[in-house]
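Values below: all heavy atoms of this structure, side chains included; hydrogens, waters and symmetry mates excluded. Residue numbers start from 1 in every chain, and the chains themselves are labelled A, B, ... in the order their sequence lines are given, proteins ahead of strands.
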Amino acid sequence: MTAKPTSWIGASVERLEDGPLLRGRGCFAGDVSFPRQLHMRVVRSPYAHGLLKRVDCSAALALPGVVAIWTAEDIADLPPIDFREGPNEKLAPFRQTVLAKDRVRYVGEPVAAVFAEDPYIAEDAADLVDVTIEELDAIVDASLAPSEFASGLTTEPTACRQGYGDIEKALSQSSTIVEIDVSIGRHSGVPLETRGAVGRYDAARDVLELHGAAKVPHRNRESLSRMLGRSPAGLHLFEGHVGGGFGVRGEIYPEDILVLVAAMRLQRPVKWLEDRREHMIAANHSRQQRHRIRAAVDAQGRLLGIDDEFFHDQGAYIRTHGTRVADMACGILPGPYRLPHFRVNGHFRLTNKTPAATYRSPGRYETNFVRERLMDAIARRLGISRIEVRRRNLIAPDEMPYERPLVALGDEVVLDSGQYEALLNMALARFAWDKAERECQDRRRRGEYVGLGVAMYVEKSGLGPTDGVRVNVHTTGDVEVVTGGASVGQGFETVIAQVCAEGLGVDYRQIRVIHGRTDRIEYGIGAHATRATVMTANATAVAAGKVRAKALAMAAQLLQAEATDLTITEGNVVRADGSGASISLAEIAHHLRPTSQTRGQREPGLCADGWFTTAHMTYPYGVQLAKVKLDEGTGAVHVEKMLIAFDVGRAINPMLVRGQLVGGFAQGLGGALFEEFQFDERGQPLCVTLADYLIPTAHDVPDVDVLIAEEAPSTCNPLGIKGAGEGGIAAVGAVIASAVDDALGGKGEITQLPIKPQTVKALIDARRG
Amino acid sequence: MKPAPFTYHTPASAEEAVELIARFGPEDGRILAGGQSLVPTMAFRMARPAHLIDINGISEFAALAVTGETLSIGACVRHAAFDSDAVPGATGALLRKVVQNIAHYPIRTRGTFCGSVVNADPASEWCCVMATLDGQVVARSQRGTRRIAAADFYQGIMTTDLQEDELVVACELPILPPNTRSGFVEFSRRKGDFAVAMALVTYRLSDGEMIEPRVGIGGAESHARRITEAEDTLRGRAPGPEVFAQAAEAAAAACDPIEDINNTADYRRGLVRTLVQRSLENAA
Amino acid sequence: MTSKREITLHINEREFRVVVEPRRTLCDVIRDDCGQTGTHIGCEHGVCGACTVLVDGDPVRSCLMFAVQADGRHIRTIEGLADGEKLHPMQEEFARHHALQCGFCTPGFLMLAVGALEKNPDMNDEEIVDLLSSNLCRCTGYENIIKAVRAAAVVMKARA
């Protein structure tokens, strides 16, 4: 680590998180162990749909080392897992029970739970549990007519509809209607660490603990305390290290409930670690939607209206997110374009597959693909360039804040700021788009299948409404920031420390950031929806500002100076003009301690709470450009050049922002070319190992040029931050499809993700033959 | 994904190993060499051998040696052994080309040539080598030793002629004449994945014409084999793009590809055409 | 029948005498019996590489080996990379280049890279990428891991 930067904000400093992780001293869920702990193993349904007739545990119970085996009867008092947003009467019947009762609806659904002395025995016992199921037909296609979920209930629990203007009029008045039918394959976050949970009941203090929590510890605590009928004060969640979240980890799953209840009832800690095969069939899936979308356009390619009907494949149950992903898709579909009339009708359908929920850039990865394919189709129909058609539709900066009468995440869509066209121009120039087009033409003449792709998109972040932190300076000069945030590996601690360091005038390495602990702070928003940097960082700035003011006021007294003549640098309060004595924050904290004689009437402690409230989400935005080459002999897609241009408002740590964008890109590439959860007609999952669910490797990820722009700081928060967590992944499906389609002649033949070599080869062969 | 219980044996000699496989082979006993294929199946509990006979301690199985015209590859010779100058000449060059395509570095450190041959996965590169070069499998049992030609050894997807009580102690490959050219190309979704198809070709030039052509394909059918129709197209002709295309077409027409959820028979057929062509173009 | 065996594992030059069933994987024994939890389990079927350790100098997927097979062998794990408080160049470069985010795959990548470079200090860029495509990372997109390993290779070679 070299010299101190002029400002901690905007500095690409090394991470505080790295030390323990590099030394193998991390504490992931699997590393948490308590004396006398039991190990839980879940027995799961081998059928996608069936009547659960009988669960015979006798052979399993006879195995030495098995302590208990539960089925639905043993936990009959537990309610189904509720929605994160709170009760919803209409959707309630479709919730998942902790263990299957009467019916199983996806392969992998928990049917019984074994508790044993060690994980090997637990698995042996699980094998011996005899489950009798009468198999029923499985629904695997969400676009077919709904059938029966249960008596009196169909597999279309609701529809997600939004709209504004008069779409019928727009369609009838337009001379050109462009229509496409496109689909995104089922895939998901698939972090390297599988799920894990350790439940422990501290009988001495009457506190029930969940270790291995993630993402939204405070919110989950509320939900769990309701489910278990336990006061939140007697239930605490502990987040240690987390091996990637991506939206998938941190929701309340049946296994979390089971370890908690078992810890209480069996009076021993209960540890559960998911294996990889389980993860692939039991952790949330995502993305699978089919859109039949049409646009009414004028002769210049300007959008008059969009009418979208889509089928959202939710899987077997509605989990904690309710209909959030489908709602998001509705609200965010128009992206950066002006759109006078809009109608979207999302069929929210249940199928006999693993339930789905959020995965990084939920609703946007999908709709960016759909919308940008539509824009390409419009360009093609009218004979306009794909760049030009987008240009003509972009919302201009002087139209901001731009209110769209749509709702996303319960928030009305108000695009706060954006220099969309300027970013497009920056991206095109950086990519040398015109030159690339000429080069592609030359290469095509020589028989190569090469193409360029473009995608523009708007992300969302900074979901409020409010977050708060506590900043405390100890009498040693060490600083602690207590947040209700969470870390899934994105560098949360470092970013918060940088903001606090800047606000307080100390080195960021003096700062310890607490997160993921419901017992350290009463309230927290966790880390999801790219909100941590926006919300928690701004709250930190507020708290640090208050602590700074307290320090300066005390110092002014001690130094016999005006507070306005003082500043803080490297942990010391000094005169701005450099003259006179200085006093360290440590000393000031000492003077402010409760027993201090010099404290006077001042509140004890060099410490403050800071709150930040925002009225609206903020909307970062981006452009992605790609050049691909197709192997005409195999159909393989090779990405030769890739650019992500993303405006984050303000980058607190550019190195970490880039890390988020490139990491997200790799996942997006997976969804575009490699990853898919496939099922057969009986609902049997076919991709249950990392050998058949293909995550990109170092070989597969091309060099990515990243252009981090700070042209349009957010107007929703003083730091101007918009967040980058989902900016890399969001448009990758869209841009790769655009490029592959272009390489094939730009006829709109790429209508599905992931794009498989077999599909590409067939299209190439058709062109030739 | 923990394996089911088993009894673990560590024979110190080939004789002991043969004794153990005779006794336990029929009782769900399996050989543990590299373990890179077996252990995952045990983790999934798709395989639950009651007995595991670990042959890694038998020093004679580590032997990789040339005797006359034969390269003998002992049962415990690792994939990584071929990523070196250990085997000289054209044979070594061919094996070096192939080994780069096998899985990944750490797998190659442990996995064995013979293990892969016995496992008989259609996508196994070494099976393709054995089939194309007419290798022999040396199987020992208490009834004696027999050499099984590759063409007879492979019977179907992961199905071989190996008997329950037999242990493969070595595989043998012919030492190729010094000026043998070889080319190997495979296609998989990601590098290191199971190949969807592969092609291995060898030939020599005599007065500018190709002689002793061998064209083998793997990954495309239930097991690897030589495609004589393609070889016939090459024999006696000068190398060149048109000849190669004809051989590739012949191979595509002659093969009877397997299907799976991501790859139709037609697609594999197309791959065979592409890969035979490319391996001929690359042959050096 | 499947009786336990007493084995000795030398992990980072410390001796661990444990009694284990033959079916216990090396990874589980390193973590649970020997308490070295820095080695992580990502898949248990030999694909992700998070469990990579060095066995007698070779990078090996410890989920594909039974602990009994490692009896008497010398194993190096991530806990043994640093020299007391002083980080190994590979660890330093990972920090410098932001080559880890969640850190779960990191031990596997560190041991893989260190092991391979110790055996072949002259790996070129292409070989490094090839090597690193052995393991999976879900967070970083690999860019920074590749940069870190390249940088560390230079440092390691200079010090050798």
Side-chain angles (χ1 to χ4, degrees), chain A residues 39 41 63 116 118-124 126-128 194 273-280 631-637 669-670 673-676 678-681 684-701 754 756-762 764-765 768-769, chain B residues 1-6 36-37 40-46 48 100-101 103-105 107 121 123 185-199 219-220 244-245 248 252 257 259-282:
Chain A
H39 294 263
R41 176 81 180 173
L63 210 58
D118 86 50
Y120 284 70
I121 294 174
E123 195 168 336
D124 292 341
D127 276 358
L128 292 173
T194 56
L273 292 181
E274 179 180 55
D275 69 34
R276 181 54 64 182
R277 184 176 172 275
E278 287 183 284
H279 181 84
M280 306 306 262
D631 181 326
E632 74 237 44
T634 64
V637 175
L669 188 69
L673 296 178
F674 297 101
E675 297 172 42
E676 191 177 13
Q678 294 169 285
F679 292 80
D680 71 12
E681 68 287 347
Q684 290 292 317
L686 301 171
C687 302
V688 300
T689 75
L690 292 179
D692 32 46
Y693 185 91
L694 307 178
I695 291 175
T697 69
H699 232 279
D700 304 307
V701 182
K756 298 182 189 177
Q758 180 171 258
T759 307
V760 172
K761 178 136 199 320
I764 289 175
D765 288 346
R768 286 210 283 220
Chain B
M1 279 160 41
K2 315 299 183 189
F6 55 84
Q36 306 299 281
S37 298
T41 59
M42 290 175 69
F44 284 112
R45 298 198 174 200
M46 278 162 25
R48 295 172 180 242
Q100 317 290 345
N101 295 274
H104 295 286
Y105 186 106
I107 305 276
D121 192 305
V185 182
E186 77 171 37
F187 177 71
S188 53
R189 287 290 286 279
R190 300 173 304 179
K191 185 164 190 283
D193 283 346
F194 288 105
V196 185
M198 68 186 76
F244 294 162
E259 295 213 305
D260 61 59
I261 50 163
N262 290 310
N263 306 287
T264 59
D266 260 347
Y267 177 61
R268 274 201 164 87
R269 194 182 306 281
L271 284 180
V272 166
R273 183 183 297 110
T274 298
L275 299 174
V276 168
Q277 172 121 23
R278 287 182 186 173
S279 53
L280 284 166
E281 284 165 2
N282 293 351

Original post:
For B/R273, does the CZ atom have more than 12 heavy-atom neighbours from other residues, nucleotides or ligands under 6.0 Å away?
Top reply: yes

Subject >> Sidechain N-carboxylate O distance under 4.0 Å for A/D692, B/R189 >> reply: no

Original post:
Of the listed residues (A/H699, A/R41, A/E278), which shares the most heavy-atom pairs with chain B below a 4.5 Å separation?
Top reply: A/H699

Original post:
At a heavy-atom separation under 4.5 Å, does A/E123 approach chain B through its side chain, its backbone, both, or neither?
Top reply: both

**OP:** Inspect the surroundings of CZ in B/F194 and state if more than 12 heavy atoms from other residues, nucleotides or ligands are less than 6.0 Å away.
**Re:** no

Subject >> Proximal component of B/N263, with respect to chain A [non-hydrogen, under 4.5 Å] >> reply: both

Original post:
In Å, rounded to the nearest 0.5 Å, how long is the span from CG of B/D266 to NZ of A/K761?
Top reply: 9.0 Å

Subject >> Pairing of A/D118 and B/K2 as salt bridge, 4.0 angstrom limit >> reply: no

Original post:
Do A/E676 and B/N262 have a side chain donor and acceptor closer than 3.5 Å?
Top reply: no

**OP:** Give, as side chain, backbone, both or neither, the part of B/R268 having an atom under 4.5 angstrom from any heavy atom of chain A.
**Re:** neither

Original post:
Would B/R45 and A/D124 satisfy side-chain contact (heavy atoms from CB on, under 4.5 Å), going step by step from the backbone distance to the final call?
Top reply: CA-CA 10 Å; B/R45 298 198 174 200; A/D124 292 341; 2.7 Å; yes

Original post:
For A/D127, is it the side chain, the backbone, both, or neither that has a heavy atom closer than 4.5 Å to a heavy atom of chain B?
Top reply: side chain

Subject >> CZ on A/R276 to CE on B/M1, rounded to 0.5 Å >> reply: 9.5 Å

Subject >> ring pair (Phe, Tyr, Trp, His ring centres under 6.0 Å) partners for A/F679, two or more places apart >> reply: none

Original post:
Who wins among A/T697, A/T759, A/I695 for the most heavy-atom pairs under 4.5 Å with chain B?
Top reply: A/I695

**OP:** For chain B, find which of A/T634, A/V688, A/D765 contributes the most heavy-atom pairs closer than 4.5 angstrom.
**Re:** A/T634

Original post:
Do A/D631 and B/F187 have side chains that get closer than 4.5 Å, going by heavy atoms?
Top reply: no

Original post:
For A/L690, is it the side chain, the backbone, both or neither that has a heavy atom under 4.5 Å from a heavy atom of chain B?
Top reply: backbone

Original post:
If you count heavy-atom pairs under 4.5 Å with chain B, which of A/L673, A/D700, A/T689, A/L694 comes out on top?
Top reply: A/L694

